[in-house]
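None of these values were measured; they are calculated from a predicted model. The analysis underlying the following values was restricted to heavy atoms, covering all of them including side chains, and did not include hydrogens, waters or symmetry mates. Residue numbers start from 1 in every chain, and the chains themselves are labelled A, B, ... in the order their sequence lines are given, proteins ahead of strands.
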There are 2 protein chains.
Amino acid sequence: MDIIEKCDCTAVHEDILNKVKNNMPCENNLYNLAETFKILSDGTRVKILYALLNSDMCVCDISALLDMTQSAISHQLRVLKQARLVKYRREGKSVYYSLDDEHIKSIFDQALVHINEK
Amino acid sequence: MDIIEKCDCTAVHEDILNKVKNNMPCENNLYNLAETFKILSDGTRVKILYALLNSDMCVCDISALLDMTQSAISHQLRVLKQARLVKYRREGKSVYYSLDDEHIKSIFDQALVHINEK
DNA sequence: CTAACATATGAACATATATTCATATGTTTA
DNA sequence: TAAACATATGAATATATGTTCATATGTTAG
C-alpha cells in the first residue's frame, strides 16, 4: 500500500508551513465562506439582492425589473431563501420578498471598494 | 413579429419599480460584483488566499499545505492571478505567490460576520 | 550540455448550475 | 365552484468549472 504523494517537491518550507497552518480558520468556516460567496456569484442573484435593498418586491415586480421569466426569478429566490439571505411573506395572490440579512450591503460595499481600485 | 413578454403579470407596481430601477448600480458594477464573488466561491481558492494572508508561499508549499496536487494549485493560482488577487515573483526554481489586494481580509471578515450570525 | 527540479498548461472528464418548458399549487374573484 | 391570476417546482438542456493526467516550459546543479 503506497502513500499517495500530493506534493513531491523537496523544497517545502516547514517553518512557513507550520506558521500558516496554525493561522488557518477552521475547515468549517472556510467551507461556509466559499458557500456564501457562491450564492453571491450569480448576476441575477446580485441584482435581486440589490433591488431588495431598496424595497420589498413581489416576484412579478422582480421579473419585470430584470426582464426575466417568472420561473427563472422564482428558482433564484429559492436559492436566496435557502441561504437565508431573503425572507418572504404572502399578501393575497402575491408573495413579497425582502432582505433577511443586514450584512449584504457591507459585503457588497467591501467588494466594490476592491473593484473600483483595479 | 411578437414582443416577447418576460412577465405577463398585471400586478406590477410601477412606483416601486421606478424607485428601485433608479437606485440600481450600473450594469458594469453588478457584473463585476458577481465576477468577484465567483472567484471567491471555491474552497480551494479561499484556502489559498487565507494562507497568503499569513505569508508568501511557493506553489510547492501551498500544495503541501492543502494536500492537493501541484497542478490543481497551479490552475487555481492562475485564476487568482487573472483576477488580480495575487501576484508572483520568481526566486530560482520556485515561484512565490503573495496577495495583491488589501481588501481581501475585509471582504472575508464581512462574510464571516454574516456566517456567524446565522 | 544534461539531468533534476519547480511550475505552467492543454485536453479530457466529471460535476455543478442557470434557464426554459410544462405543469402544479395556492389565492382571489365572479 | 370555476376561472383567472401569482408563484413554485420538477425535468431537461446547455454551459461553466474543478481536478486529473500528460507534458511543456523554465531554472539550477553537476
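We find that B:Lys21 and B:Glu14 are not joined by a salt bridge, their nearest charged nitrogen and carboxylate oxygen being 4.0 Å or further apart. The pair A:Asp56-A:Arg89 counts as a salt bridge, with a side-chain nitrogen and a carboxylate oxygen less than 4.0 angstrom apart. In this structure, A:Asp15 does not pair ionically with A:Lys19, as no charged nitrogen and carboxylate oxygen lie closer than 4.0 Å.
Checking C:dT19, C:dA8, D:dT20 against the side-chain heavy atoms of B:Ser74 singles out C:dA8 as nearest. When distances are taken from the side chain of B:Gln70 to each of D:dA8, D:dG26, C:dT7, the shortest belongs to C:dT7. Looking at the side chain of B:Lys93, the nearest of the listed nucleotides C:dC5, D:dT19, D:dA8 is C:dC5. Of the candidate nucleotides D:dA8, D:dT19, C:dA18, C:dA18 has the atom lying nearest to any side-chain atom of A:Gln76. The side chain of A:Val59 approaches D:dA8 more closely than any other nucleotide in the set D:dT20, D:dA8, C:dA8.
Dashed line: the shortest gap from a side-chain N or O of B:Arg45 to OP1 or OP2 of D:dG18 is under 4.0 Å. At D:dT7, none of the side-chain N or O atoms of A:Arg78 fall inside 4.0 Å of OP1 or OP2 (strictly under the cut-off). Listed pair B:Lys38 / D:dT17 meets the phosphate criterion, a side-chain N or O lying under 4.0 Å from OP1 or OP2. For B:Tyr97, no side-chain nitrogen or oxygen approaches OP1 or OP2 of C:dA6 to under 4.0 Å. One finds no side-chain N or O of A:Ser94 lying less than 4.0 angstrom from the OP1 or OP2 phosphate oxygen of C:dT27.
The backbone N or O of B:Lys38 sits less than 3.5 Å from a side-chain atom of B:Ser41, completing a donor-acceptor pair.
Atoms OH (B:Tyr96) and C1' (C:dA6) sit 11 Å apart, rounded to a whole Å. Atoms CG (A:Asp42) and C1' (D:dT17) sit 14 Å apart, rounded to a whole Å. Between the P atom of D:dG18 and the CG atom of B:Leu80 lies a distance of 10 Å, rounded to the nearest Å. Between the C1' atom of D:dT19 and the NZ atom of B:Lys47 lies a distance of 14 Å, rounded to the nearest Å. Summarising the geometry, the separation between CZ on B:Phe37 and C1' on C:dA18 is reported as 19 Å, rounded to the nearest angstrom. A straight line from NZ of A:Lys87 to P of D:dT7 spans 19 Å, rounded to a whole angstrom. Regarding A:Asp61, its CG atom lies at a distance of 17 Å from the P atom of D:dC5, rounded to whole Å. As a whole-Å value, the separation of A:Ile73 CD1 from D:dA8 P is 11 Å.
Figure legend: A:Lys81 and A:Tyr88 shown as a cation-pi pair, the cationic atom lying under 6.0 angstrom from the six-membered ring centre and within 45 degrees of its axis.
A donor-acceptor contact under 3.5 Å links the side chain of A:Ser71 to the base of C:dC21.
Using a 4.5 Å cut-off between side-chain heavy atoms of Ile, Leu, Val, Met, Phe, Trp and Tyr, with links allowed through other members, B:Leu49 and A:Tyr31 fall into different hydrophobic clusters.
Checked against the 6.0 Å centroid threshold, A:Phe108 and A:Tyr50 count as a close aromatic pair.
For the helix from C:dC1-D:dG30 to C:dA30-D:dT1, the terminal axes (five pairs an end, C1' atoms, rotation from four pairs onto the next four) enclose an angle of 20°, given to 10 degrees.
Nucleotides of DNA chain C nearest to A:Thr44 and A:Glu91 differ in position, and the one nearer the 5' end is that of A:Thr44. Along DNA chain C, the nucleotide nearest B:Ala72 and the nucleotide nearest A:Ser41 are compared for position; the residue whose nucleotide lies closer to the 5' end is B:Ala72.
You can call A:His75 stacked on the base of D:dT9; the centres are under 5.5 Å apart and the planes sit within 30°.
Contact annotation: the side chain of A:Asp101 never approaches that of A:Arg84 to less than 4.5 Å [non-hydrogen atoms, C-beta and beyond].
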